[in-house]
Trainee: 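The structure that follows is given in the form of structure tokens.
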Amino acid sequence: MVVLHYTAMASADAACRTLCNPDNEVSAHYLIDEDGTVRSMVAEDQRAWHAGAGAWGDVVDVNSRSIGIEIANDGFSPFAMPQMDALIVLLHGITQRWSIKPERIIGHSDMAPGRKIDPGVRFDWRRLWCDGLGVWPIESGASDVSFAEMAARFGYRCNDPDLLLSVFRMRFRPWATGPLDATDIALITDLATRFPVDAGPATA
């Protein structure tokens with residue numbers, strides 16, 4: 001899979017220094033600068049320490065089964081167009097080389113609910129979907145199913161209902177407020193139906 005992050009640092013250069021310092025015990029395969037420059041940090045066939053504790057579906061060692069992309073962003077600002085353009089090109093290459101399905105492009109927050117919030121509410125997931133990367137839900141009309149059950153079928157591993165809703169909305173409904181509603185249920189049902197997480201033994 002591919003895991004997307006933001007750096008939450010003042011600049012790409014600062015992030016690069018952090019990622020290249022072995023004392024920090026953190027790394028990523030790629031870093032995308034503010035101007036769209038892509039820095040290759042770790043070979044794609046090597047393990048990088050970008051994901052940490054968490055899971056997506058049955059995959060609990062995400063670092064060993066993913067390519068991590070850090071995007072220079074403070075967590076509050078919109079992602080620059082050159083960055084998004086560069087990310088699109090990079091993702092097309094990665095997904096083709098490794099036969100990664102669109103639904104296996106996730107955010108750090110997806111696999112580590114409550115511990116991580118990147119790439120955050122300002123990241124344009126819909127833009128990825130429009131370019132054939134990632135997924136986007138279509139309201140299904142479902143209303144009599146369990147939100148938690150559908151979320152788990154899609155890939156989320158979170159036992160806190162409020163946190164689960166927050167993480168889901170951060171990616172798919174960042175403008176939404178209030179308690180769980182019919183739209184949330186309809187959207188997660190569509191995602192779970194069309195893109196059920198691969199929970200076979202080969203992914204563990």
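All values below were derived from every heavy atom in this structure, side-chain atoms included, with hydrogens, water molecules and symmetry-related copies excluded.
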Trainee: Nearest 0.5 Å, please: how far is CG in Leu91 from CD in Gln96?
Mentor: 10.5 Å
Trainee: Where is the tightest heavy-atom contact between Ala112 and Ala53, given as atom of each residue plus distance?
Mentor: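 Residues Ala112 and Ala53, closest heavy atoms: CB-O, 3.6 Å.
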Trainee: Less than 4.5 Å apart, side chain to side chain, heavy atoms only: is that true for Tyr30 and Ser40?
Mentor: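 Touching, per the 4.5 Å side-chain cut-off.
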Trainee: What closest approach, in Å, do Pro179 and Arg169 show between heavy atoms, and which atom pair accounts for it?
Mentor: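 For Pro179 versus Arg169, the nearest heavy atoms are O-NH2, 3.0 Å.
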Trainee: Kindly work out whether a path of hydrophobic side-chain contacts (I/L/V/M/F/W/Y, heavy atoms less than 4.5 Å apart) joins Val3 to Trp98.
Mentor: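 Yes; tracing contacts between hydrophobic side chains, which count when under 4.5 Å, links both residues.
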Trainee: With rounding to the nearest 0.5 Å, note down the distance linking CE in Met1 to CD in Glu103.
Mentor: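 Interatomic distance, Met1 CE to Glu103 CD, rounded to 0.5 Å: 11.0 Å.
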Trainee: Show the nearest heavy-atom pair for residues Asp124 and Met84, with the distance to one decimal.
Mentor: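 Shortest heavy-atom separation between Asp124 and Met84 comes out as O-CE, 3.8 Å.
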Trainee: Among Tyr156, Trp136, Trp125, which one satisfies ring-ring contact (aromatic ring centres under 6.0 Å, His included) with Phe172?
Mentor: Trp136
Trainee: Please lay out, stage by stage, how Arg47 and Asp61 fare under the test salt bridge (charged side-chain N to carboxylate O under 4.0 Å, His left out).
Mentor: CA-CA 11 Å; Arg47 190 180 197 269; Asp61 183 5; 2.8 Å; yes
Trainee: For a quick test of reading the model, state the closest non-hydrogen atom pair linking Gly36 to Ala86 and the distance between them.
Mentor: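 Closest approach of Gly36 to Ala86: O-CB, 3.2 Å.
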Trainee: I need the minimum non-hydrogen distance between Val42 and Ala28, along with the two atoms involved.
Mentor: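 That would be CG2-O, 3.3 Å.
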Trainee: How long is the straight-line distance from CG of Asp162 back to SG of Cys158, given to the nearest 0.5 Å?
Mentor: 9.5 Å
Trainee: Can you see which heavy atom on Val62 is nearest to which on Gly54, and at what distance?
Mentor: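 Taking every non-hydrogen atom into account, CG2-O, 4.2 Å.
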Trainee: Tell me which pairs pass side chain to side chain donor-acceptor pair (under 3.5 Å) where either residue lies in residues 77-95, with sequence neighbours left out.
Mentor: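 Found Asp74-Ser77, Asp85-Arg127.
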Trainee: side-chain contact (heavy atoms from CB on, under 4.5 Å) between Leu164 and Phe147: does it pass, once the steps are laid out?
Mentor: CA-CA 9 Å; Leu164 177 60; Phe147 181 83; 3.8 Å; yes
Trainee: Any donor-acceptor pair under 3.5 Å linking the side chain of His29 with the backbone of Ile69?
Mentor: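 No; judged by distance alone, with no hydrogens or angles, the pair does not exist.
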Trainee: As an exercise, state the distance from CG of Leu4 to CD1 of Ile67, rounded to the nearest 0.5 Å.
Mentor: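 Answer for the CG-CD1 pair, Leu4 versus Ile67, is 11.0 Å.
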Trainee: Closer than 3.5 angstrom, by distance alone: can the side chain of Ser109 be matched with the main-chain N or O of Lys116 as a donor-acceptor pair?
Mentor: no
Trainee: Please evaluate residues Leu187 and Glu139 with respect to the criterion side-chain contact (heavy atoms from CB on, under 4.5 Å), reporting the C-alpha separation (whole Å), side-chain torsions for both, the decisive distance (0.1 Å), and the verdict.
Mentor: CA-CA 5 Å; Leu187 294 180; Glu139 196 162 345; 4.1 Å; yes
Trainee: For Arg173, check salt bridge (charged side-chain N to carboxylate O under 4.0 Å, His left out) against everything at least two apart and list the hits.
Mentor: Asp181, Asp184
Trainee: With distance as the sole test, does Asn24 use its side chain to make a donor-acceptor pair with the main-chain N or O of Leu19 at under 3.5 Å?
Mentor: no
Trainee: Parallel, tilted or perpendicular: which describes the rings of His108 and His5, with under 30° parallel and over 60° perpendicular?
Mentor: perpendicular
Trainee: For Asn21 and Thr18, what are the C-alpha separation, side-chain angles and deciding distance, and is it a side-chain contact (heavy atoms from CB on, under 4.5 Å)?
Mentor: CA-CA 5 Å; Asn21 185 342; Thr18 296; 6.0 Å; no
Trainee: Do Met41 and Ile71 land in one hydrophobic cluster if side-chain heavy atoms of ILVMFWY residues count as linked below 4.5 Å?
Mentor: no
Trainee: So, the side chain of Asp33 versus the backbone of Asp35: is there a donor-acceptor pair under 3.5 Å, distance only?
Mentor: no
Trainee: Would you find a donor on one side and an acceptor on the other, under 3.5 Å apart, between the side chain of Asn73 and the backbone of Gly75?
Mentor: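 Pair found, side chain donor or acceptor close to backbone of Gly75.
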Trainee: Please check if Ile106 and Trp49 belong to a single hydrophobic cluster, counting links between Ile, Leu, Val, Met, Phe, Trp and Tyr side chain heavy atoms closer than 4.5 Å.
Mentor: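 No, no single cluster joins them.
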Trainee: Under the salt bridge (charged side-chain N to carboxylate O under 4.0 Å, His left out) test, which residues partner Asp13, sequence neighbours left out?
Mentor: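 Salt bridge (charged side-chain N to carboxylate O under 4.0 Å, His left out) list for Asp13, sorted by chain: Arg39.
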Trainee: More than 12 foreign heavy atoms under 6.0 Å from CG of Asn159: is that the case here?
Mentor: no
Trainee: With Asp110 as reference, evaluate Arg157, Arg171, Arg115 under the salt bridge (charged side-chain N to carboxylate O under 4.0 Å, His left out) test and give the passing residue.
Mentor: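 So the option named by the test is Arg171.
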Trainee: Going through the checks in order, is the side-chain contact (heavy atoms from CB on, under 4.5 Å) test met by Leu133 and Leu87?
Mentor: CA-CA 10 Å; Leu133 299 159; Leu87 177 62; over 6 Å; no
Trainee: Following the transitive rule for hydrophobic clusters with a side-chain heavy-atom cut-off under 4.5 Å over Ile, Leu, Val, Met, Phe, Trp and Tyr, establish whether Ile88 and Tyr6 coincide in one cluster.
Mentor: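 Same cluster: Ile88 reaches Tyr6 through Ile, Leu, Val, Met, Phe, Trp or Tyr contacts under 4.5 Å.
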Trainee: Under a 3.5 Å distance rule, please check whether Glu34 uses its side chain to pair with a backbone N or O of Ala12 as donor and acceptor.
Mentor: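 Yes; judged by distance alone, with no hydrogens or angles, the pair exists.
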Trainee: Taking atom CD1 of Ile105 and atom CD1 of Ile100, what is their separation to the nearest 0.5 Å?
Mentor: 7.0 Å
Trainee: Tell me, do Arg104 and Trp56 make a side-chain contact under 4.5 Å, heavy atoms counted?
Mentor: yes
Trainee: Please tell me whether Val89 and Ile94 are part of a single hydrophobic cluster in this structure, the criterion being side-chain heavy atoms less than 4.5 Å apart.
Mentor: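 No; tracing contacts between hydrophobic side chains, which count when under 4.5 Å, never links both residues.
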Trainee: For Asp190 and Ile138, indicate whether the former's side chain and the latter's backbone hold a donor-acceptor pair under 3.5 Å.
Mentor: yes
